[in-house]
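So you know, we letter chains A, B, ... as the sequences are listed, proteins then strands, and number each from 1.
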Amino acid sequence: MLCRTVGPLDAKIMLIAEAPGKEEDLTGEPFMNMRAFGAGRTLNQVLTQAGISRAECLITNVARERPPGNKISFYFEDKGCTIPKPKLREWIELLKKEIILYNPNIIVALGVTALWALTGEKKVGELRGYILPCSLVPGKKVLPTYHPQHINNEWKTFYPTVMDIRKAIRHSFSGEFPVDKRILLPGVSSASFVSYMEELIQDKNKDRISLDIETNGKLPGSHITILGIASSPYSAISTQLSNLQEADELRLWQILAVLLKEKRVAMHNAPFDKGVLWYNHHILIENLWMDTLIAAHCLWPELPRDLGFVASLCLDVPPWKGTARNDSLYYNVCDAANTFGIAEVLEAELLRTGSKKTYDFESKSIDLSLMMQLQGIKCGITIRDELKKEIQEKVIEQKKKLDLLVGKDVNYNSPKQLQQLLYMDLGFPVQYKRRKSINNPKVVTTDSNALSKLSIELGDNPIFNLILDYKKNSKLISSFLDITLSSNDTVHTSYNITGTSTDDEGRKSFGRWSSSASIILPYGSGNLQNIPKAVRKMYIAPEGYSILQADYVQAEAVIVAHLCGDYKLIDMFKNAFGLPKSQRRPYDIHILTAKEMFGITDDKVTPRHREIGKTLRHALSYAAGPAVLATKLKIKLAQAKQLMTIYHQKNPQLKMWYTRIQQDLQQGRTLYNLFGRSHKFLAWWGDDLFRSGYSYIPQSTVGDLLNKAFQDVYYNVDWLTGYLQLHDALYVLCPEGREQEAMKELRKQMIIPITLRDETFYIDVDFSVGKSWGEMEEQDIDWREFDKENFGF
DNA sequence: GATTTTACGTA
DNA sequence: CGTACGTAAAATCT
């Protein structure tokens with residue numbers, strides 16, 4: 001049936017999608033599929049969240065009949081879907097007439113086909129959220145966003161679509177195009193750039209600028225190729241730095257240095273621009289106005305944070321990210337101008353939402369993280385080479401043994417070849433990956449989990465552990481030993497204050513730093529937060545220094561105990577506080593757990609009992625299931641289930657806490673950690689979301705605690721230098737011989753009160769000292785006197 | 001050659 | 001149905 005256009009004829013918003021589906025074809029109305037994963041229901045969800053109802057919108061499709069198999073390509077001559085067949089051409093004409101007739105103020109293009117029909121463009125991911133001119137009916141505004149069906153396939157596009165619809169609502173009050181008031185000067189001469197800067201320096205009314213650089217990342221140090229600055233959202237300038245006369249370039253850097261002394265500066269990802277300017281030109285940006293990346297992270301921790309995305313939320317500028325390759329000078333000048341505009345919007349938004357405190361806290365980490373990136377950590381090449389040789393020999397030997405056992409050459413790092421070998425040639429029971437949902441297809445796997453499981457089930461076959469060891473060792477070599485060092489034998493990492501990961505469900509980033517390859521100094525394995533213990537000894541202290549490690553003791557467990565109101569545990573933590581490690585045994589919570597679980601006395605607790613207690617507590621704190629517990633403890637599923645039941649009987653507060661978190665999530669899907677950091681969860685409502693919620697408060701509170709302490713050390717203790725950050729441990733370089741003094745100083749900075757409801761508590765700190773990261777000696781110190789003097793408890 | 005999948009290291 | 005993070009090698013796409 002021909003699908004009609006529905007909705008009030010005087011609607012200000014018109015939604016245009018691709019083509020009718022089955023239900024729509026039957027009823028002749030768009031978006032009638034209201035089943036659980038139907039596009040109609042998703043559309044309603046999006047509209048409701050955005051603050052508008054379906055009844056207020058005109059809704060239609062480009063194609064008016066369902067194509068076979070719902071494949072829109074049916075209506076096109078070509079595979080690329082650019083040349084419409086006559087039928088589709090007719091429908092597009094119809095659409096044109098309807099737009100002219102109903103005259104909406106804003107047209108929302110839902111998905112690629114609508115976007116193409118209205119504007120000739122195809123890149124929804126790049127253009128969504130921007131106001132585009134309509135080519136079908138000139139003069140009309142088009143706002144592209146995702147198709148509801150696409151949202152069902154990729155849930156992370158749900159909330160961006162909501163934001164887009166909100167923008168459409170703002171644009172529905174008038175059909176007028178936003179006026180682009182910007183005066184952009186891309187690619188001016190260095191002389192003009194200098195005079196622009198000089199004028200700015202003279203203009204005391206303007207105290208803020210934004211800055212953006214483009215670099216040629218191939219060289220260490222990231223050579224700057226383009227420099228752009230803006231003095232308002234509407235005035236920006238950029239210049240090319242290659243092929244400059246030496247004197248001109250010098251002049252430019254000199255004036256820039258003066259400008260940066262005078263003004264407060266906004267940047268998107270300040271550690272990079274600031275780092276490159278400092279590293280290459282010794283120009284220091286001292287007055288940060290705003291890092292728009294950090295601000296976006298504090299406001300929307302689960303949304304994309306690239307400048308193009310944030311601009312689509314905050315501004316009414318034309319899209320420009322597509323120009324990066326062809327016109328980098330224009331691209332850069334837009335970056336600079338739009339960063340200024342975004343900073344103004346986000347500044348207000350941070351105040352409005354109460355996220356300013358979190359922003360201030362995060363931005364205070366910039367200098368610390370940048371210092372550690374540029375400084376790097378020292379690698380002892382002799383130890384590195386020894387390790388490499390040793391492990392390489394092991395790998396060769398293991399490969400030989402495997403070849404002999406198997407009788408042919410197999411690449412054990414190839415999942416495909418391993419599947420063939422284990423499940424086809426050798427006929428072992430096929431192992432499947434654990435699925436997120438019962439609806440997901442079963443996926444065959446040969447990962448370490450599967451191999452250990454086979455090893456347990458099939459007892460005496462040495463092949464599994466051999467493969468496991470072989471894979472482990474080749475991983476050690478390829479990822480952690482086979483690395484390029486700087487000329488000073490250092491490796492460098494970029495500590496990312498806002499995290500950077502992008503997984504299927506979108507970005508998370510609970511406020512812990514991540515660590516990734518440094519673009520400025522591309523030496524080492526990149527991530528320094530996942531170096532295996534086995535190779536840590538190759539990282540050493542520079543001559544004359546010791547490495548001092550300070551880690552929070554049982555940090556997440558302490559937080560969980562307080563969140564649950566588990567006073568037996570809380571008392572144990574309190575009683576153990578400040579004690580030397582050697583005297584803590586009576587307050588060992590894992591032994592306590594074991595005693596409770598097995599109904600035994602202290603003297604009967606074996607290391608295995610303790611291990612079970614520890615694993616159980618850890619797994620259950622984050623709502624792990626019996627299957628995972630079974631593999632972790634190498635026991636049967638039934639046993640794991642039994643242990644879980646007993647654990648929950650002995651710890652009834654845990655399930656109550658789960659329930660509380662779920663209730664809290666129901667209120668606006670937002671949780672606050674113990675330092676007030678908010679996080680809005682955008683994932684699909686269900687157990688995955690809940691589990692993420694359970695881990696949020698402990699994980700992010702510990703992250704903030706550590707970073708708070710690290711900042712305090714950085715700003716207050718000038719003779720200790722930050723060396724590494726490992727989420728709940730910080731490492732500093734300490735001048736040899738001052739270790740005792742250093743530990744006292746660190747303890748003063750790190751013992752920080754945490755408040756929950758009316759209670760205040762503290763998390764203890766342990767210290768280790770060593771000449772290398774792998775050989776640290778635990779310090780067995782009684783801190784009780786010291787604590788009494790310094791903290792009064 | 002670029003992108004996706006699989007696997008695996010840390011807290 | 002632990003969570004969070006980043007990277008290397010293999011597989012796959014174009």
Side-chain angles (χ1 to χ4, degrees), chain A residues 79-80 301-302 411-419 432-440 443-451 467-468 471-483 493-496 498-505 507-518 524-536 551-552 554-557 560 615-632 644 654 658 679 681 683 686-700 702-703 706 724-730 773:
Chain A
K79 222 174 123 193
E302 293 198 9
N411 179 357
Y412 294 93
N413 286 319
S414 155
K416 214 183 158 197
Q417 288 185 37
L418 209 48
Q419 278 176 30
Y432 296 96
K433 219 188 270 180
R434 215 169 37 72
R435 289 178 290 180
K436 276 266 175 200
S437 140
I438 202 89
N439 303 313
N440 293 357
V443 178
V444 179
T445 181
T446 57
D447 65 13
S448 61
N449 231 328
L451 290 171
I467 296 175
L468 276 171
K471 286 214 280 191
K472 180 166 268 182
N473 285 328
S474 21
K475 173 89 178 164
L476 277 179
I477 293 174
S478 66
S479 296
F480 300 111
L481 290 165
D482 224 357
I483 53 172
T493 193
S494 163
Y495 284 110
N496 311 306
T498 63
T500 48
S501 118
T502 53
D503 80 3
D504 291 353
E505 290 307 318
R507 300 124 203 92
K508 284 282 156 66
S509 186
F510 283 179
R512 302 206 300 192
W513 293 4
S514 77
S515 158
S516 60
S518 164
S525 50
N527 185 351
L528 280 185
Q529 287 173 329
N530 73 340
I531 304 293
K533 295 231 159 75
V535 300
R536 284 186 182 177
D551 57 328
Y552 283 109
Q554 305 264 33
E556 289 193 20
V560 172
T615 312
L616 255 176
R617 176 166 300 280
H618 198 232
L620 291 227
S621 291
Y622 301 114
V628 174
L629 195 63
T631 29
K632 281 228 163 110
M644 283 178 67
L654 192 59
Y658 290 167
H679 188 104
F681 290 79
D687 282 350
D688 271 354
L689 172 65
F690 300 153
R691 236 181 267 106
S692 191
Y694 308 146
S695 63
Y696 171 67
I697 298 178
Q699 207 180 92
S700 75
V702 173
L706 190 277
L724 282 164
Q725 196 266 26
L726 256 70
H727 303 306
D728 65 359
L730 62 86
W773 188 8

If I take atom [atom1] in residue [X] and atom [atom2] in nucleotide [N], what distance separates them, rounded to the nearest angstrom?
| X | N | atom1 | atom2 | answer |
| --- | --- | --- | --- | --- |
| K433(A) | dT5(B) | NZ | C1' | 7 Å |
| Y495(A) | dA11(B) | OH | C1' | 13 Å |
| D447(A) | dA8(C) | CG | C1' | 16 Å |
| D687(A) | dT3(C) | CG | P | 11 Å |
| K475(A) | dG9(B) | NZ | C1' | 6 Å |
| Y412(A) | dA10(C) | OH | P | 14 Å |
| N527(A) | dC5(C) | CG | P | 12 Å |
| F480(A) | dA7(B) | CZ | P | 17 Å |

Any N/O pairs under 3.5 Å between the protein and nucleotides 11-14 of chain C? List them or say none.
| unit_1 | atom_1 | unit_2 | atom_2 | d |
| --- | --- | --- | --- | --- |
| dA11(C) | OP1 | S414(A) | OG | 2.4 |

Counting distance only, does the side-chain N/O of [X] pair as donor-acceptor with the main-chain N or O of [Y] below 3.5 Å?
| X | Y | result |
| --- | --- | --- |
| Y658(A) | A623(A) | yes |
| S479(A) | L476(A) | no |
| Q529(A) | Q725(A) | yes |

Original post:
What's the verdict on side-chain contact (heavy atoms from CB on, under 4.5 Å) for L730(A) and Y552(A), showing C-alpha distance, side-chain angles and the deciding distance?
Top reply: CA-CA 9 Å; L730(A) 62 86; Y552(A) 283 109; 6.0 Å; no

Original post:
Given the rule that a pair is Watson-Crick or G-U wobble with both distances under 3.5 Å, how would you write DNA chain C in dot-bracket, using | for pairs to a different strand?
Top reply: ..|||||||||||.

Original post:
Just checking R617(A): base, sugar-phosphate only, or nothing, at a heavy-atom cut-off of under 4.0 Å?
Top reply: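 Contact class for R617(A): none.
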
Original post:
Checking all strands, does T445(A) fall into the base, sugar-phosphate, or nothing category for heavy-atom contacts under 4.0 angstrom?
Top reply: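 Result for T445(A) = sugar-phosphate.
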
**OP:** Look at the rings of Y696(A) and F510(A) and say which category their plane angle falls in: under 30° parallel, 30 to 60° tilted, over 60° perpendicular.
**Re:**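 Y696(A) and F510(A): perpendicular rings.
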
Original post:
So F681(A) and H679(A), would you call those rings parallel, tilted or perpendicular, with 30° and 60° as cut-offs?
Top reply: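 Tilted: the ring planes of F681(A) and H679(A) meet at 30° to 60°.
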
Original post:
So does S692(A) get a side-chain nitrogen or oxygen closer than 4.0 Å to the phosphate oxygens (OP1/OP2) of dA4(C)?
Top reply: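 Yes, because at least one side-chain N or O of S692(A) sits under 4.0 Å from OP1 or OP2 of dA4(C).
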
